[in-house]
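For reference, the structure discussed in these notes is given below.
Because the structure is predicted, anything quoted here is derived from the model rather than measured.
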Amino acid sequence: MAEVVAKEEKQRTKATSDFLKQRRKGLANSRANLEEKRRSRSVHTYSNEEKVAFTSHLNQLFKNDPEFTLIDPKTDDLFDRVADGVVLCKWLNIISPGIVKYTKKPKNSFEILENLNQVLSAVRQLGAKIVNIGAKDIVEKKVHIVLAFLWQTMREQLKRDVSIESHPEMAKYIEEKDGQSSQDFGLERTLLSWFNSLLSKANTYEGEFEPVTNFEVDLMDSRGYTAVLNQIAPDLCKLTPLDEEDLDKRAELMLNEAEKIDCRGYFTPEVISNGNGKLNVTFMTSLFNKHAELEREREEKRKNDPEPNNAPVVEPTPEEPKQAKVQEPEPQPAPTPVVEPTPVQEKKMEPAPAPVVEHVTPKQSLPIYAIIAAIVLLLLAFFVS
């Protein structure tokens, strides 16, 4: 019997081991396929995706500015509009008010170059690493250089959006995971730490959602995004996109879920399924900020409504026992009068020796009368004699 049990246990262990090996192999193949897909698409689509994203971002940023005319994301107008530095200077002053002084309507190349030099200096001052980018590159509209510069500017804005100083309620999602002060984290590390913290809570069984270590291949399948959206707003964002096999369709379904909490923005399925690292950082930042907003709302609701939920629970409990205590004494008065009258009557019957006391008092008073009578007789005898 023991040999049979041991044999079955050995077979189960081998089956489990084979399953895990096959699963790891499948994940490795899937990751390799995603990496190959990213390489094949990156050359043709990255620049256009970023151009559309940066154009949409500037349109959103300056939509209420009467001096700003919306840029058509389907054209290359973006490179013309940033060439004089005015839009860039305004953008930087939004990120850090007053960091740039510029000419609002430059009339010649000298004033244009001066604006752009101010822009480059301000971005470096914010902390961005600007290498091999000059004012002339922007004036000459070198697409890849301009997009690289726009990304550095965008990144500085995102860094301030994800700052734990601005969102202290989010620190618990970061420090719990890494055990270090979140103040020391950079933009990417803060986002990944927060993302993986939520992802670990979304696991329904070991290994379903693996930790994300980059903003490219690990996010191309949209699985992590779908799980994190469900953690941020479980009542609104569902896990149904996981049922879709096609990466582009799954990305579209995931973005539809993100739209329910106003986080889709200008992101397209291709941004996710192509593994665009820069734009994934931007999209993840929007999710982070939405989570922070919802956390603040929940915390304020808990502070403002701590008692309404507890009051009805506490009030009925003291009332019920009081009613029960009032009802209990009512059936018991009957035995008490039966027991009480008998001892009371017996105690009242004991004072019957009172007549004896009455007889004692006269006996004690007889000698007094006798003495008085004797004294009277003596006095009479004295006066007679």
Side-chain angles (χ1 to χ4, degrees), residues 48-107 111-112 114-116 118-123 125-128 138-139 141 146-163 165-167 170 187 191 232-233 236 255-256 258-268 271 278-297 300:
N48 188 63
E49 290 170 0
E50 292 172 15
K51 181 199 71 175
V52 172
F54 295 145
T55 299
S56 301
H57 181 75
L58 291 175
N59 285 339
Q60 179 68 22
L61 200 62
F62 297 111
K63 63 181 180 180
N64 296 323
D65 187 343
E67 298 179 354
F68 181 83
T69 305
L70 295 179
I71 307 171
D72 187 355
K74 298 179 181 179
T75 68
D76 290 337
D77 289 350
L78 172 68
F79 306 104
D80 295 326
R81 296 291 296 279
V82 301
D84 62 1
V86 175
V87 172
L88 296 176
C89 288
K90 287 186 175 183
W91 188 6
L92 287 167
N93 280 334
I94 290 176
I95 297 173
S96 180
I99 197 172
V100 177
K101 294 181 180 179
Y102 63 99
T103 303
K104 294 184 178 181
K105 295 182 179 180
K107 299 177 182 179
E111 291 180 346
I112 290 174
E114 183 62 24
N115 278 352
L116 292 172
Q118 289 290 330
V119 167
L120 292 170
S121 177
V123 173
Q125 185 178 339
L126 291 174
I138 301 176
V139 171
K141 306 169 190 176
V146 172
L147 290 177
F149 176 77
L150 291 176
W151 164 242
Q152 290 296 330
T153 308
M154 172 82 83
R155 187 174 180 277
E156 291 306 314
Q157 184 175 5
L158 298 179
K159 280 169 59 178
R160 284 150 181 78
D161 291 342
V162 179
S163 169
E165 295 179 358
S166 303
H167 304 296
M170 302 300 287
L187 170 64
L191 289 174
I232 293 174
L236 295 175
L255 289 173
N256 289 340
E259 191 171 7
K260 296 177 181 179
I261 55 174
D262 299 325
C263 283
R264 174 162 186 160
Y266 45 77
F267 300 101
T268 63
V271 168
K278 296 174 184 176
L279 299 185
N280 270 318
V281 170
T282 307
F283 180 56
M284 195 178 289
T285 298
S286 69
L287 298 182
F288 179 93
N289 289 330
K290 174 57 67 171
H291 189 199
E293 178 186 332
L294 294 176
E295 281 292 299
R296 283 194 300 272
E297 291 177 0
E300 289 176 3

Write down the atom of [X], the atom of [Y], and the distance for their closest heavy-atom approach.
| X | Y | result |
| --- | --- | --- |
| Ile261 | Ala233 | CG2-CB, 3.8 Å |
| Gly85 | Leu116 | CA-CD2, 3.5 Å |
| Glu156 | Gly127 | OE2-C, 3.7 Å |
| Lys141 | Ala83 | CE-CB, 4.3 Å |

- Message: Please enumerate all residues that pass salt bridge (Lys or Arg N to Asp or Glu O under 4.0 Å) together with Glu114, with sequence neighbours excluded.
- Response: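 Salt bridge (Lys or Arg N to Asp or Glu O under 4.0 Å) list for Glu114, sorted by chain: empty.
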
Would a 4.5 Å heavy-atom cut-off, applied to side chains only, mark [X] and [Y] as touching?
| X | Y | answer |
| --- | --- | --- |
| Asn289 | His167 | yes |
| Asn48 | Lys51 | yes |
| Leu88 | Phe149 | yes |
| Ile71 | Phe54 | no |
| Ile138 | Val119 | no |

[atom1]-[atom2] distance between [X] and [Y], expressed to the nearest 0.5 angstrom:
| X | Y | atom1 | atom2 | result |
| --- | --- | --- | --- | --- |
| Leu61 | Ser56 | CG | OG | 12.0 Å |
| Ile94 | Thr153 | CD1 | OG1 | 12.0 Å |
| Lys278 | Leu158 | NZ | CG | 12.5 Å |
| Leu120 | Gln152 | CG | CD | 11.5 Å |
| Thr285 | Leu191 | OG1 | CG | 4.5 Å |
| Leu150 | Leu58 | CG | CG | 7.0 Å |

For [X], what residues pass the side chain to side chain donor-acceptor pair (under 3.5 Å) criterion, not counting sequence neighbours?
| X | result |
| --- | --- |
| Arg264 | Glu252, Asn256 |
| Arg81 | none |
| Lys104 | none |
| Lys260 | Glu257 |

- Message: Applying ring-ring contact (aromatic ring centres under 6.0 Å, His included), can you list everything that pairs with Phe283, at least two apart in sequence or on another chain?
- Response: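 Partners of Phe283 by the ring-ring contact (aromatic ring centres under 6.0 Å, His included) criterion, ordered by chain and then number, come out as Tyr225, Phe267.
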
- Message: side-chain contact (heavy atoms from CB on, under 4.5 Å), that's the test. Do Gln60 and Tyr266 meet it? Break it down for me.
- Response: CA-CA 10 Å; Gln60 179 68 22; Tyr266 45 77; 5.8 Å; no

- Message: Could you go through Ile95 and Arg160, starting from their C-alpha distance and side-chain angles, then the distance that decides it, and tell me whether this counts as side-chain contact (heavy atoms from CB on, under 4.5 Å)?
- Response: CA-CA 8 Å; Ile95 297 173; Arg160 284 150 181 78; 3.6 Å; yes

Just to verify, what does [X] make a side chain to side chain contact (heavy atoms under 4.5 Å, CB included) with, not counting sequence neighbours?
| X | value |
| --- | --- |
| Glu111 | Thr103, Pro106, Lys107, Asn108 |
| Thr75 | Asp72, Asp77 |
| Ser96 | Ile99, Leu126 |
| Glu295 | Glu169, Met170, Lys172, Tyr173, His291, Arg298 |

- With sequence neighbours left out, which residue pairs that include part of residues 84-93 fulfil the salt bridge (charged side-chain N to carboxylate O under 4.0 Å, His left out) condition?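 Checked against salt bridge (charged side-chain N to carboxylate O under 4.0 Å, His left out) - neighbours excluded - the pairs reaching residues 84-93 are Asp65-Lys90, Glu67-Lys90.
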
- Message: Considering only residues two or more places apart or on different chains, which pairs with a residue in residues 74-103 satisfy ring-ring contact (aromatic ring centres under 6.0 Å, His included)?
- Response: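 ring-ring contact (aromatic ring centres under 6.0 Å, His included) check on residues 74-103 returns His57-Trp91.
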
- Task: Please test Leu294 against Glu297 for side-chain contact (heavy atoms from CB on, under 4.5 Å), starting from the C-alpha separation and ending with a verdict.
- Result: CA-CA 5 Å; Leu294 294 176; Glu297 291 177 0; 3.8 Å; yes

- Would you call the rings of Phe68 and Phe62 parallel, tilted or perpendicular if under 30° counts as parallel and over 60° as perpendicular?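 Aromatic pair Phe68/Phe62 classed tilted.
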
- Message: Tell me whether Arg296 is salt-bridged to Glu300, with the criterion being a basic N under 4.0 Å from an acidic carboxylate O.
- Response: no

- Please report the C-alpha distance between Val271 and Thr282 in whole Å, then the side-chain angles of each, then the deciding distance to 0.1 Å, and finally whether the side-chain contact (heavy atoms from CB on, under 4.5 Å) criterion is met. CA-CA 11 Å; Val271 168; Thr282 307; over 6 Å; no

